[in-house]
Amino acid sequence: MHSSEKLSLPLMGCGTWAWGNQLLWGYNQSMDGQLQAVFNLCVSSGVTLFDTGDSYGTGRLNGRSESLLGRFTKEYQGANQEHICIATKLAAYPWRWTSQSMVKACQSSAQRLGKNVDLVQMHWSTANYAPWQESGLLDGLADLYAQGLVKGVGLSNYGPRRLQFVHQKFAARGVPIKTLQVQYSLLSTYPVTELGLKDVCDQLGIKLIAYSPLALGILTGKYTETGNLPPGIRGLLFRQLLPGVRSLVECLREVAKSRNKTMSQVAINWCICKGTIPIPGAKSVEQARENIGALGWRLDSGEITALDQAAASTDKKMVQNIFQTR
């Protein structure tokens, strides 16, 4: 039996892109105590999947998210400790193209984490711009599994065609693909709905992970066109997007009110109802608590239909990840 049997995934995870990212999320080291509290609250509430990447952390803080997760995992004692699953994504940097470079990258991640990576994922496909680079990287990913250095292997930002190609390649080596991660939210249904990705994943027995389920915060209802916008790049993006998403935000607000939940909780629950594992980020205990409130109940089919229709009728959508393949 390969160790992948031991990889159990919860209904929801926690994204840690912000942990170490100064540029987009304004991280600084004084936040570490708060982040540890977020980690502890998540694990004890059954949110045991933490998604990170070896490129997370800006500049000299590269890998910072992994280092923090390593420290928090070591210091955590309590409920669900044995279910903690650290999923990292290895970046397809231009200087990585051999299978060995992926194995080395994963070993560096393991060093920062102070333990083996549970789920290793390809951060993005190079198929759109350097197709020749990808086969070595994929071989490396399969090697990690074959050598028992990870419990499972996943992909990120792959579309159905590319996914089926990798699936065949891996099946020949007896390497199952455990997860596929794409940007998915009420404002980003493209890979799942338009490309039919969910059906392909279901056929192949692959769990779909939804990143940016709150569309970087637009779906929280905390930001308004006239009022407060987040600083920096996100503020510029929101200014463009908010006018076009009014009807969706309104629909979210109504469902949230009638359910006595927050808009974030409804948006996250929608992802769960669609059969995906959402991984909203959290930088504060309040945010983590709010995310956790998306668990333990389910939207009904009428509410889902209303949200689907509101989502389909928005003229603005989230910017797609440039690496997302077909």
Side-chain angles (χ1 to χ4, degrees), residues 12-45 47-81 84-91 93 96 104-121 123-124 156 181 209 211-218 220 222-223 228-238 264 278-292:
M12 181 174 93
C14 177
T16 64
W17 180 21
W19 300 13
N21 186 303
Q22 293 165 306
L23 194 67
L24 195 64
W25 298 106
Y27 164 82
N28 67 62
Q29 288 174 334
S30 67
M31 295 175 180
D32 291 357
Q34 175 88 292
L35 295 177
Q36 170 125 43
V38 167
F39 180 89
N40 295 351
L41 177 64
C42 284
V43 177
S44 62
S45 308
V47 177
T48 47
L49 169 69
F50 293 87
D51 182 77
T52 183
D54 67 352
S55 61
Y56 287 178
T58 337
R60 58 182 182 79
L61 292 177
N62 232 7
R64 179 80 189 168
S65 172
E66 291 180 334
S67 309
L68 288 171
L69 280 168
R71 198 165 90 207
F72 300 163
T73 304
K74 211 190 275 78
E75 288 172 18
Y76 180 82
Q77 305 273 304
N80 303 317
Q81 194 175 352
I84 294 174
C85 176
I86 308 288
T88 200
K89 295 183 294 297
L90 303 178
Y93 292 129
R96 283 183 186 163
K104 275 211 181 81
C106 192
Q107 286 168 333
S108 300
S109 290
Q111 229 160 2
R112 285 189 287 272
L113 289 168
K115 69 186 208 70
N116 273 358
V117 172
D118 297 308
L119 177 65
V120 70
Q121 307 158 93
H123 205 149
W124 66 85
S156 181
Q181 183 176 139
I209 294 177
Y211 75 77
S212 290
L214 298 173
L216 300 182
I218 291 180
T220 61
K222 290 173 191 151
Y223 303 102
N228 64 332
L229 287 167
I233 307 168
R234 283 167 71 217
L236 297 173
L237 179 69
F238 285 18
S264 301
I279 49 169
K283 280 192 305 186
S284 69
V285 173
E286 295 77 50
Q287 279 177 338
R289 197 170 285 132
E290 184 174 359
N291 292 347
I292 291 161

Identify the heavy atoms of L216 and R234 that sit nearest to each other, and give their distance.
-> O-NH2, 2.9 Å

For K115, all residues meeting salt bridge (charged side-chain N to carboxylate O under 4.0 Å, His left out), sequence neighbours excluded | D118

Just wondering, do I292 and L41 contact through their side chains at under 4.5 Å, heavy atoms?
-> yes

What residues, two or more places apart in sequence or in another chain, satisfy ring pair (Phe, Tyr, Trp, His ring centres under 6.0 Å) together with F238?
-> Y223

Could you check whether the rings of F72 and F39 sit parallel, tilted or perpendicular, using 30° and 60° as the cut-offs?
-> tilted

Locate the shortest heavy-atom distance separating A79 from V43; write the atom from each residue and the value.
-> O-CG1, 3.5 Å

Shortest non-hydrogen contact from Q77 toward K74 = NE2-O, 4.3 Å

Taking every heavy atom of I279 against every heavy atom of C14, the minimum-distance pair comes out as CG2-N, 4.1 Å

Decide yes or no for I84 and Y76: does some side-chain heavy atom of the first lie under 4.5 Å from some side-chain heavy atom of the second?
-> yes

Taking T88 for its side chain and V120 for its backbone only, find out whether a donor-acceptor pair lies under 3.5 Å.
-> no

For D32, all residues meeting side-chain contact (heavy atoms from CB on, under 4.5 Å), sequence neighbours excluded | Y27, Q29, L35, R64, L68, R71

Donor-acceptor pair, side chain of T16 and main chain of S65, under 3.5 angstrom | no

Across all chains, not counting sequence neighbours, the side-chain contact (heavy atoms from CB on, under 4.5 Å) partners of Q287 are A282, K283, S284

Are C85 and T48 close enough that some pair of their side-chain heavy atoms sits under 4.5 Å apart?
-> no

Could I get the full list of salt bridge (charged side-chain N to carboxylate O under 4.0 Å, His left out) partners for K222, not counting sequence neighbours?
-> E290

Exam field: side chain N291 to backbone G281, donor-acceptor pair closer than 3.5 Å = yes

What pairs with A105 under side-chain contact (heavy atoms from CB on, under 4.5 Å), at least two apart in sequence or on another chain?
-> D54, L90, R96

Between the side chains of E66 and T52, is a donor N or O closer than 3.5 angstrom to an acceptor N or O?
-> no

Under a 4.5 Å cut-off applied to non-hydrogen side-chain atoms, are Y56 and K89 in contact?
-> yes

Minimum-distance pair of heavy atoms, taken over all atoms of P278 and M12 = O-CG, 3.4 Å

